[in-house]
Structures are given as C-alpha cells and as structure tokens.
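I have a structure I would like to understand better, so I am pasting it below and will then ask my questions one at a time.
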Amino acid sequence: RLGNPLYILSLISRCILHGLNTCLHFWLVDFIRTEDPEETQGNITIAYTIICLLGPIGGVMMNAILRPFIGGYDTRTASWPLVILQIIASFLAIRISMMKSLFSISFTTILYLIFNSAALPLVHGILISCVDKDLSATGFALASILTQSLTSGSTPYLYGVINDRYKEKYKWLAMFSIMCIQFIAVPVLILLAILRNREFDRQEKLLEEQEKEEELKDRDDNNV
C-alpha cells in the first residue's frame, strides 16, 4: 500500500536526490561562470558535457562493482550501503560550492554524480519493492509527480532567489544552501534502513514459524 512508511521514506529520499540534481544541472554552468569568469564558453560547454557523461557512467560502474557485495535493491544488505553512498554524496555536494576553478568544479561534480547515480537506483528499487506489484506503476508515477512538484520545480527557483540576493558578496551561497538539502536524506535513509531491516526480521520470523508448523504437521501425519 502507498501509505507504507517504507514507501513514504523512499519517496522523500527520491524527491531530494533526484530533485536536487535538476537544480544542479540547471545552474551549474552559471555557477562555473561566476566562480571562474575568465574561462571560455567553449571550455565550459566541453566540461559540462564530460560531467553529464562521466557522472552517470561512473554510477553505473560503481553499482556493478558493489552489486556482488550488497546484492540487489530487494536485499537486506542494500540498506546501509545506500546510507553510506548518500553521506559521501552529500559531502561532495557541499564541496562543489567551495570550488573556484573549472577543473575543480567539474572534478568534484563528477565525483558527486557518481555516488548519487549509484544511490538513486537503489532508492528507486526500494521504493517500488515497498508496494504491492499491482500498485508499483502507480507508486512510481506518484513519486515522479511529487519529485517534479516539490523539488525539481522549486529548488531551481530557490537557488535563483538566493543567487540574485547574495551573488555579489557570496558567490557560493546559493549552491551551498541548496546542496545542504542533500543531508536531509541521510537521517531519512537511516530510518528507512532500520525499519526495512525490522521488516526483514519480521518476515524471516514468520517464515521460521511456518516451517516449524509444517514440520510438526508432518510429524503428526507420520505418527498417524
């Protein structure tokens, strides 16, 4: 059901992770121009293209490396690695706002997108697995709608407001303020991991009880 706490927590996490990416891509070129005004437009375009390619590709490669150790999104072991990925991504997101050159901004953004792109598929998978199969399409559609309306649409506007007001004195403040929102996902994912592991414990306990009942039933049948 869509009211499942695991689904709600996954939904909040997706809104943060995916929505802030929209803001980052929308304003990144402007941020580079502001921090490194002497850089040419051609170099900025090339750097942005490389960022858009290497970030997601690196995330896919990281998922491929981690998969043998943590399994798929539907396993117990996926919960805490997801928290670690988000913590690293959050620190890198903050670090972007502290960079001053085209190279340092690009390098840090690529690292951030690698960890973010590794975390997002796990969040998507957990979100879908938290609802019944007949509600999975509805659950994902609702998550997409809320992401677009709550974060993907609002954070670029919020960035613009902060940037217009403080850009002259604090060029980094808009990026810093928006990327700090990444850390909100950390306690949400920690709570998700705790509740998810409890759910796995509950299911394993039920399975053990069922197996014991079947064993007792088989013994009774054999005695008869």
Side-chain angles (χ1 to χ4, degrees), residues 1-28 51-53 55-64 66-67 70-87 89-90 93 109 112-161 178-200 202-203:
R1 57 192 178 86
L2 297 180
N4 185 343
L6 297 179
Y7 174 78
I8 299 299
L9 293 171
S10 302
L11 176 60
I12 295 171
S13 302
R14 184 188 188 276
C15 287
I16 295 172
L17 271 65
H18 190 80
L20 293 185
N21 277 358
T22 302
C23 181
L24 177 65
H25 283 289
F26 189 88
W27 284 103
L28 183 60
I51 289 169
C52 292
L53 290 174
I57 291 174
V60 171
M61 293 175 63
M62 180 173 287
N63 270 325
L66 293 177
R67 188 174 182 83
I70 67 175
Y73 61 83
D74 55 347
T75 63
R76 175 198 291 268
T77 52
S79 300
W80 290 110
L82 174 57
V83 174
I84 295 172
L85 288 172
Q86 180 56 27
I87 290 174
S90 298
T109 304
Y112 159 73
L113 288 175
I114 287 174
F115 284 92
N116 180 269
S117 298
L120 262 174
L122 292 175
V123 173
H124 289 163
I126 292 173
L127 184 145
I128 296 303
S129 67
C130 290
V131 297
D132 296 334
K133 290 184 178 180
D134 56 339
L135 291 175
S136 59
T138 303
F140 192 78
L142 178 60
S144 298
I145 292 171
L146 290 177
T147 300
Q148 293 298 323
S149 58
L150 295 179
T151 53
S152 291
S154 62
T155 51
Y157 173 77
L158 181 60
Y159 183 108
V161 171
I178 295 301
M179 290 297 104
C180 276
I181 301 174
Q182 285 282 347
F183 280 100
I184 297 176
V186 174
V188 174
L189 289 174
I190 289 174
L191 182 58
L192 175 64
I194 293 171
L195 294 180
R196 195 162 179 261
N197 285 343
R198 286 180 181 176
E199 179 63 20
F200 275 111
R202 188 184 68 83
Q203 292 177 359

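Quick note: residue numbers are just sequence positions, from 1.
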message: Tell me the closest heavy-atom pair linking Cys23 and Tyr159, and the distance in Å.
response: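 Scanning both residues, the minimum pair turns out to be SG-CB, 3.8 Å.
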query: What residues form a side chain to side chain donor-acceptor pair (under 3.5 Å) with Thr77, not counting sequence neighbours?
result: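 So Thr77 forms a side chain to side chain donor-acceptor pair (under 3.5 Å) with Thr75.
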- prompt: What residues, two or more places apart in sequence or in another chain, satisfy side chain to side chain donor-acceptor pair (under 3.5 Å) together with Ser10?
  reply: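 Ser10 satisfies side chain to side chain donor-acceptor pair (under 3.5 Å) with no other residue.
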field: Distance-minimising heavy-atom pair for Leu195 and Pro5
entry: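 Smallest interatomic distance, heavy atoms only, reads CD1-CB, 4.4 Å.
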query: Do Ile194 and Ile190 come within less than 4.5 Å of each other through their side chains, counting heavy atoms only?
result: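 Ile194 vs Ile190: side chains touch.
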- prompt: Atom CD of Gln182 and atom CG of Leu24: how far apart are they, to the nearest 0.5 Å?
  reply: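 Interatomic distance, Gln182 CD to Leu24 CG, rounded to 0.5 Å: 9.0 Å.
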- request: Could you tell me the separation between the CD1 atom of Ile114 and the OG1 atom of Thr109, rounded to the nearest 0.5 Å?
  value: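 Result: 11.0 Å between the selected atoms.
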- request: Mind checking the CZ-CD1 spacing from Phe115 to Ile87? Nearest 0.5 Å is all I need.
  value: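 Result: 12.0 Å between the selected atoms.
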- prompt: Below 4.5 Å, heavy atoms only, C-beta onward: do Ile128 and Tyr7 meet side chain to side chain?
  reply: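 Answer no - side chains too far apart.
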message: Using a 6.0 Å cut-off, check whether atom OH of Tyr157 has over 12 heavy atoms from anything other than its own residue.
response: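 12 or below, so no.
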- prompt: Would you say Phe26 and Thr155 make side-chain contact, with heavy atoms under 4.5 Å?
  reply: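 Side-chain contact under 4.5 Å: no.
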message: If you define the side chain from C-beta out and look only at heavy atoms, does anything of Leu82 sit under 4.5 Å from Val123?
response: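 Counting from C-beta outward, Leu82 and Val123 do come under 4.5 Å.
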Beyond-backbone contact of Leu9 with Arg196, side-chain heavy atoms, under 4.5 angstrom: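 Of all side-chain heavy-atom pairs linking Arg196 with Leu9, none is under 4.5 Å.
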Partners passing side chain to side chain contact (heavy atoms under 4.5 Å, CB included) against Ser152 (at least two apart in sequence or in another chain):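 Testing Ser152 for side chain to side chain contact (heavy atoms under 4.5 Å, CB included), a comparison that skips the adjacent residues, returns His18, Thr22, Thr147, Gln148.
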message: Do Asn116 and Leu20 have side chains that approach each other closer than 4.5 Å (heavy atoms only, starting at C-beta)?
response: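 Not in contact.
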field: Partner set under side chain to side chain donor-acceptor pair (under 3.5 Å) for Asn63, not counting sequence neighbours
entry: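 Asn63 satisfies side chain to side chain donor-acceptor pair (under 3.5 Å) with no residue once adjacent residues are dropped.
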task: Could you tell me the separation between the CD1 atom of Ile84 and the CD1 atom of Ile70, rounded to the nearest 0.5 Å?
output: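 Atom-to-atom, Ile84:CD1 and Ile70:CD1 are 9.5 Å apart.
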- prompt: Does some side-chain heavy atom of Ile181 sit less than 4.5 Å from a side-chain heavy atom of Thr151?
  reply: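 Side-chain contact under 4.5 Å: no.
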task: Kindly indicate, with the supporting measurements, whether the criterion side chain to side chain contact (heavy atoms under 4.5 Å, CB included) is fulfilled by Ile126 and Leu6.
output: CA-CA 8 Å; Ile126 292 173; Leu6 297 179; 5.8 Å; no
- prompt: Does the side chain of Thr138 come within less than 4.5 Å of Val131's, by heavy atoms?
  reply: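 No, side chains not in contact.
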message: What's the separation between atom CG in Leu122 and atom CG in Leu66, rounded to the nearest 0.5 Å?
response: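 The distance works out to 8.0 Å.
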query: If you look at every heavy atom in Leu17 and Ala185, which pair is closest and at what distance?
result: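 Heavy-atom minimum between the residues: CD1-CB, 3.7 Å.
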task: Could you go through the side chain to side chain contact (heavy atoms under 4.5 Å, CB included) check for Ile178 and Trp27 one step at a time?
output: CA-CA 11 Å; Ile178 295 301; Trp27 284 103; over 6 Å; no
CZ (Phe183) with more than 12 external heavy atoms under 6.0 Å: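 Atom CZ in Phe183 is crowded, with more than 12 foreign heavy atoms closer than 6.0 Å.
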- prompt: Do you know which two heavy atoms are closest between Met62 and Ala118, and how far apart they sit?
  reply: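 Shortest heavy-atom separation between Met62 and Ala118 comes out as SD-CB, 3.8 Å.
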message: As an exercise, state the distance from CG of Leu192 to CG of Asn197, rounded to the nearest 0.5 Å.
response: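 Going from the CG atom of Leu192 to the CG atom of Asn197 covers 9.0 Å.
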message: Run the side chain to side chain contact (heavy atoms under 4.5 Å, CB included) test against Leu146 and tell me which residues pass, sequence neighbours left out.
response: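 With sequence neighbours excluded, Leu146 shows a side chain to side chain contact (heavy atoms under 4.5 Å, CB included) to Leu11, Cys15, Leu142, Ser149, Leu150, given in chain and number order.
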message: Using every non-hydrogen atom in the two residues, find where Gly139 and Leu127 come nearest and quote the distance to one decimal.
response: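 Minimum heavy-atom separation between Gly139 and Leu127: O-CD2, 4.1 Å.
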Pairing residues for Ser117 by the side chain to side chain donor-acceptor pair (under 3.5 Å) criterion, not counting sequence neighbours: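 Residues passing side chain to side chain donor-acceptor pair (under 3.5 Å) with Ser117: none at all.
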